[in-house]
2 protein chains.
Amino acid sequence: MSDGDKSVVGRLRKLIGEGHFQTGERLGEVAVAEQLGVSRTPVRLAFRTLEQEGLLQRAGKRGFMVREFTEVDVRCAVEVRGVLEGLAARRLAEQGLSAALADELQVWIQKGRDLLAKGHLVERDADAWSELNRHFHEIIVGSAGSPVIGDAIARNNHLPFAAADSLIIDSEALDREYRKLQLAQLQHELIVQALRHGEGARAEMLMREHAFIGLRYGELLGLGRAPGGEGRYD
Amino acid sequence: MSDGDKSVVGRLRKLIGEGHFQTGERLGEVAVAEQLGVSRTPVRLAFRTLEQEGLLQRAGKRGFMVREFTEVDVRCAVEVRGVLEGLAARRLAEQGLSAALADELQVWIQKGRDLLAKGHLVERDADAWSELNRHFHEIIVGSAGSPVIGDAIARNNHLPFAAADSLIIDSEALDREYRKLQLAQLQHELIVQALRHGEGARAEMLMREHAFIGLRYGELLGLGRAPGGEGRYD
DNA sequence: GGACTTTACTTTGGATCCAATTATAACGCC
DNA sequence: GGCGTTATAATTGGATCCAAAGTAAAGTCC
């Protein structure tokens with residue numbers, strides 16, 4: 001989604017997300033243009049886009065500055081996403097799952113089971129889960145019959161969440177991650193159950209709670225606080 | 001907010017909202033630039049902004065096209081706004097209203113009562129209510145302690161809702177509007193009540209329902225369908 | 001010595017120019 | 001006559017240039 005993005009917007013997004021600019025730092029068009037080896041024009045276009053995405057904010061008439069993201073911002077963004085995905089889940093439950101959709105969701109549930117079945121994680125499993133998780137959520141949001149929800153979520157997710165794509169190196173971190181993913185898997189299964197049974201309110205509630213798995217479940221699972229952010233916010 | 005906006009973005013927003021371009025119509029940079037009497041550069045910048053706002057969408061590499069807004073889009077956008085404002089209301093209720101904030105809300109409640117006290121509307125009252133309503137909602141969203149909710153709502157409201165700012169001319173329309181505003185006022189008062197009592201779930205529910213006043217309450221109040229959209233979606 | 005004014009420089013906004021990609025249309029071939 | 005190919009026109013993306021606004025600094029006056 002943003003790795004192979006060679007556009008100026010994509011590159012800037014990456015740079016900002018990786019913290020190459022200090023928060024609150026003023027970004028000059030010329031400086032950035034030189035740094036990226038392009039002219040001012042694409043940078044100007046990119047600045048406007050990134051402003052709308054919320055990564056930059058206007059600094060009066062002195063151009064733009066990197067928006068600060070406090071911990072509160074992150075929590076609130078996660079909360080908003082949870083609420084929006086909760087809405088999608090409720091809609092989906094209330095409108096009734098088609099058999100095809102139920103099967104499709106079940107596929108990803110099964111993939112999750114397979115992934116976690118061997119009782120531990122290897123490094124690349126985290127990426128596999130990330131992909132799986134993305135599909136799972138996209139299916140629900142995309143099938144809710146509301147063209148607006150997906151857009152709203154997408155706009156919100158421009159905030160640098162996954163930026164701290166926690167590097168999992170030692171086995172201890174892998175073990176922490178494994179326990180987290182087990183919980184996420186359980187939540188996924190409960191959500192699908194609610195969707196199947198047409199339990200809109202329950203599906204919504206579960207989805208809202210599920211959004212906080214990266215934020216609120218750490219201490220509970222004895223995960224402590226992951227370094228550099230609090231792990232993935234799936 | 002968008003009347004005196006002389007910027008290219010503002011003017012284009014207005015033109016699109018007023019339907020000067022057909023939905024699905026391809027917008028060429030040169031054509032628009034000439035029509036607005038400016039060069040291509042500001043138009044290009046504006047297009048990127050309007051794309052992010054959701055008013056335009058890319059037409060492959062053939063530039064941009066005016067996004068179509070179906071009735072479903074509007075309903076879903078209203079739903080999303082309701083959910084987000086509902087979140088704000090719940091947060092506010094749960095964190096507890098300060099005395100100052102309670103007073104401030106009460107001021108606008110009273111203004112609403114005063115406005116509707118005389119038993120009927122005159123034309124300019126609709127604008128007064130619009131202003132009042134805006135303040136009321138902004139206070140709640142702005143005081144929820146979540147910097148993200150307001151942004152998300154703002155982004156969502158770029159969709160051309162209030163565009164069809166229904167011209168109220170005849171007394172019959174004024175009467176319909178009056179009954180609608182009475183209901184809105186009641187909902188406002190209930191919401192404040194819930195906020196005061198710290199009833200988060202109830203505040204959220206009421207706010208969600210309140211969002212639909214422009215869409216779902218027409219037939220119930222014998223308002224029929226307002227011409228040119230369905231009236232204001234306050 | 002401090003504050004105000006003026007000047008020079010930095011920086012953004014707008015316009016024009018050039019290149020590259022793409023769509024359209026014309027032409028030729030099967 | 002239809003389809004494929006080629007060439008031309010149109011349009012977007014990128015670069016450079018000019019103007020306007022603002023900031024910072026230097027100088028002067030009180």
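Letters go in sequence order (proteins before strands), and every chain restarts at 1.
With rounding to whole Å, Arg11(A) atom CZ is found 11 Å from dG14(D) atom P. Rounded to whole Å, the distance from CD on Glu29(B) to C1' on dT21(C) is 14 Å. The CZ-C1' distance, from Arg62(A) to dT23(D), rounds to 8 Å in whole Å. For the pair Leu27(B) CG and dT11(D) P, the computed distance is 12 Å after rounding to whole Å. Per the geometry, CE belonging to Met65(A) stands 16 Å off P belonging to dT11(C), to the nearest Å.
With sequence neighbours excluded, no residue forms a ring pair (Phe, Tyr, Trp, His ring centres under 6.0 Å) with Phe21(A). Residues satisfying the side chain to side chain contact (heavy atoms under 4.5 Å, CB included) test with Asp151(A), not counting sequence neighbours, are Arg155(A), Arg67(B).
The backbone N or O of His20(B) sits nowhere less than 3.5 Å from a side-chain atom of Glu25(B) that would complete a donor-acceptor pair. In this structure a side-chain-to-backbone donor-acceptor pair under 3.5 Å is present from Gln95(B) to Ser143(B). Under the 3.5 Å distance criterion, the side-chain polar atoms of Ser130(A) are left unmatched by any main-chain donor or acceptor of Ala126(A).
Looking at heavy atoms from C-beta onward, Phe47(A) lies in side-chain contact with Leu56(A) at the 4.5 angstrom threshold.
Here Arg58(B) reaches the OP1 or OP2 of dG13(D): one of its side-chain N or O atoms lies under 4.0 Å away.
Of the residues in residues 36-48 of chain A, those lying under 4.0 Å from DNA chain D by heavy-atom distance are Val38(A), Ser39(A), Arg40(A), Thr41(A), Pro42(A).
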